[in-house]
Asker: 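Encoded as structure tokens, here's the structure I'll be asking about.
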Amino acid sequence: MAASSLSLTWASTTISKKLNVAHLSEQTANNNNVKCLREHEESHHKRRALLFGAGALTATLFPSTPLLAQEKPMNYEAFVDPIDGYSYYYPSDWREFDCLGHDSAFKDRYLQLQNLRVRFIPTEKKDIHDLGPMEEVITDLVTKIYSAPNQYPYIASMEERSEDGKNYYTFEFTLASRNFTASHFATIAIANGRYYTLIVGANDRRWKKFRNRLKVVADSFKVLDI
């Protein structure tokens with residue numbers, strides 16, 4: 001599947017060693033922008049048809065899939081990827097877009113900086129607890145990976161949840177620079193030999209109004225066995 005860019009620089013030595021990943025670097029964009037690589041429409045539609053066809057099959061054959069078994073919140077849609085092993089809710093008025101570096105992405109119809117992205121990288125770890133204490137892991141991510149040199153990172157909250165034998169860290173953080181500030185929720189998990197990351201955010205002016213709506217997205221993220 002295709003990708004979105006939150007403008008992450010995967011350069012943390014600490015996280016690289018803990019994940020046992022030889023190469024985490026990817027093309028980096030300015031943190032204030034979402035720079036996308038549009039793919040050929042034919043390829044995109046074929047891939048999405050395949051994915052949603054598999055999703056429909058999953059819903060029919062495996063109705064116990066965690067996200068499908070829950071009652072969908074009003075004004076949200078469910079995204080289920082049984083091939084890559086994850087699911088989440090997204091606002092029903094958002095639309096999908098393809099960007100470099102991520103597996104799936106949705107954005108507000110009119111405000112592209114209000115968006116969500118999901119990516120994963122290979123790891124030999126079995127659980128996020130293998131990375132270390134939650135406070136250490138999240139602080140390292142926000143200050144060394146998510147933030148650019150010209151940004152001031154601030155972590156507002158962090159929490160852990162466990163569902164169906166899977167563990168998740170969800171945290172709220174802000175990245176501020178002289179001309180732009182944005183806030184985000186991120187949820188991370190490890191399963192299927194993959195380190196999954198969902199990030200959803202908005203610029204600071206809209207954060208107070210939409211924060212709780214975006215928290216639903218972060219809290220809904222689940223990994224599936226594949």
Side-chain angles (χ1 to χ4, degrees), residues 1-6 33-39 41-120 159 161 163-164 166 168 170-173 182-189 196-224:
M1 290 178 55
S4 145
S5 173
L6 171 66
N33 296 282
V34 178
K35 297 184 177 179
C36 307
L37 179 64
R38 177 63 61 186
E39 298 185 349
E41 289 298 321
E42 181 180 1
S43 174
H44 171 72
H45 290 312
K46 285 182 178 179
R47 184 178 62 254
R48 300 309 300 160
L50 176 63
L51 174 62
F52 285 116
L57 183 62
T58 299
T60 302
L61 299 180
F62 305 102
S64 60
T65 298
L67 198 69
L68 298 175
Q70 299 177 359
E71 183 178 353
K72 184 178 66 176
M74 185 178 298
N75 300 321
Y76 290 85
E77 298 295 335
F79 180 93
V80 181
D81 187 341
I83 297 173
D84 292 311
Y86 67 90
S87 63
Y88 56 83
Y89 290 127
Y90 65 93
S92 56
D93 58 345
W94 286 19
R95 64 183 180 88
E96 187 180 14
F97 69 112
D98 288 344
C99 296
L100 182 66
H102 292 73
D103 193 64
S104 65
F106 287 84
K107 65 180 178 180
D108 185 279
R109 289 179 179 272
Y110 307 105
L111 301 167
Q112 69 170 0
L113 295 181
Q114 192 163 303
N115 58 65
L116 73 87
R117 293 104 15 222
V118 174
R119 63 164 287 158
F120 52 81
E159 59 189 45
R161 63 182 166 91
E163 294 186 42
D164 301 312
K166 307 292 194 306
Y168 305 82
T170 296
F171 47 101
E172 178 182 354
F173 64 98
S183 294
H184 314 266
F185 285 112
T187 297
I188 61 174
Y196 294 86
T197 302
L198 176 146
I199 296 180
V200 58
N203 66 45
D204 202 49
R205 289 182 299 175
R206 299 178 63 84
W207 186 249
K208 285 186 177 181
K209 181 177 180 180
F210 291 97
R211 177 189 180 278
N212 292 341
R213 188 183 186 196
L214 302 184
K215 183 65 158 56
V216 172
V217 176
D219 287 343
S220 72
F221 183 73
K222 294 180 175 63
V223 290
L224 314 172

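Just so you know, these numbers come straight off a predicted model, no measurement behind them. Excluded from the calculations below are hydrogen atoms, water molecules and symmetry mates; all remaining heavy atoms, backbone and side chain alike, are included.
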Asker: Of all heavy-atom pairs between A202 and L214, which one has the smallest distance, and what is that distance?
Answerer: CB-CD1, 4.1 Å
Asker: How long is the straight-line distance from OG of S104 back to CZ of F120, given to the nearest 0.5 Å?
Answerer: 9.0 Å
Asker: Please name the pair of heavy atoms, one in G201 and one in W207, separated by the smallest distance, quoted to 0.1 Å.
Answerer: CA-CZ3, 4.0 Å
Asker: To the nearest 0.5 Å, tell me how far D93 CG sits from D108 CG.
Answerer: 6.0 Å
Asker: Can you find a heavy atom in the side chain of F221 that is under 4.5 Å from one in the side chain of V118?
Answerer: yes
Asker: So, do Q114 and K107 sit near enough that their side-chain heavy atoms are less than 4.5 Å apart?
Answerer: no
Asker: Give me the atom names and distance for the closest heavy-atom approach of W94 to L116.
Answerer: CZ3-N, 3.6 Å
Asker: Judged by atom type as modelled, is there a donor-acceptor pair below 3.5 Å linking the side chain of N212 to the main-chain atoms of K215?
Answerer: no
Asker: Is the shortest heavy-atom distance from the side chain of V223 to the side chain of Y168 under 4.5 Å?
Answerer: yes
Asker: Side chains of Y86 and D103, heavy atoms from C-beta outward: is any pair under 4.5 Å?
Answerer: yes
Asker: Do you know which two heavy atoms are closest between A218 and T187, and how far apart they sit?
Answerer: O-OG1, 2.8 Å
Asker: Does R161 use its side chain to pair, donor to acceptor, with the backbone of D219 at less than 3.5 Å?
Answerer: yes
Asker: Checking V80 against L224 for the side-chain contact (heavy atoms from CB on, under 4.5 Å) test, could you report, in this order, the C-alpha distance in whole Å, the side-chain angles of both residues, the deciding distance, and whether it holds?
Answerer: CA-CA 9 Å; V80 181; L224 314 172; 4.0 Å; yes
Asker: Would you indicate whether the side-chain heavy atoms of V200 and R213 approach each other to under 4.5 Å?
Answerer: no
Asker: Could you report the tightest heavy-atom contact between A78 and K72, atom names first, then the distance?
Answerer: N-CD, 4.1 Å
Asker: Parallel under 30°, tilted from 30 to 60°, perpendicular over 60°: which one fits the rings of Y90 and Y88?
Answerer: perpendicular
Asker: I'd like to know if the side chain of T170 reaches the main chain of E159, judged simply by a donor and an acceptor atom lying under 3.5 Å from each other, with no hydrogens or angles considered.
Answerer: no
Asker: Are V217 and F185 side-chain neighbours, meaning at least one heavy-atom pair lies under 4.5 Å?
Answerer: no
Asker: What I'd like to find out is whether the side chain of P91 reaches to under 4.5 Å of the side chain of Y76, using heavy atoms alone.
Answerer: yes
Asker: Please check if the side chain of D164 supplies one atom and the backbone of K166 the other of a donor-acceptor pair under 3.5 Å.
Answerer: no
Asker: Using only atom types and a distance under 3.5 Å, with no angle test, would you say the side chain of S220 pairs donor to acceptor with the backbone of Y89?
Answerer: yes
Asker: Under 4.5 Å between any side-chain heavy atoms of L113 and R206, yes or no?
Answerer: no
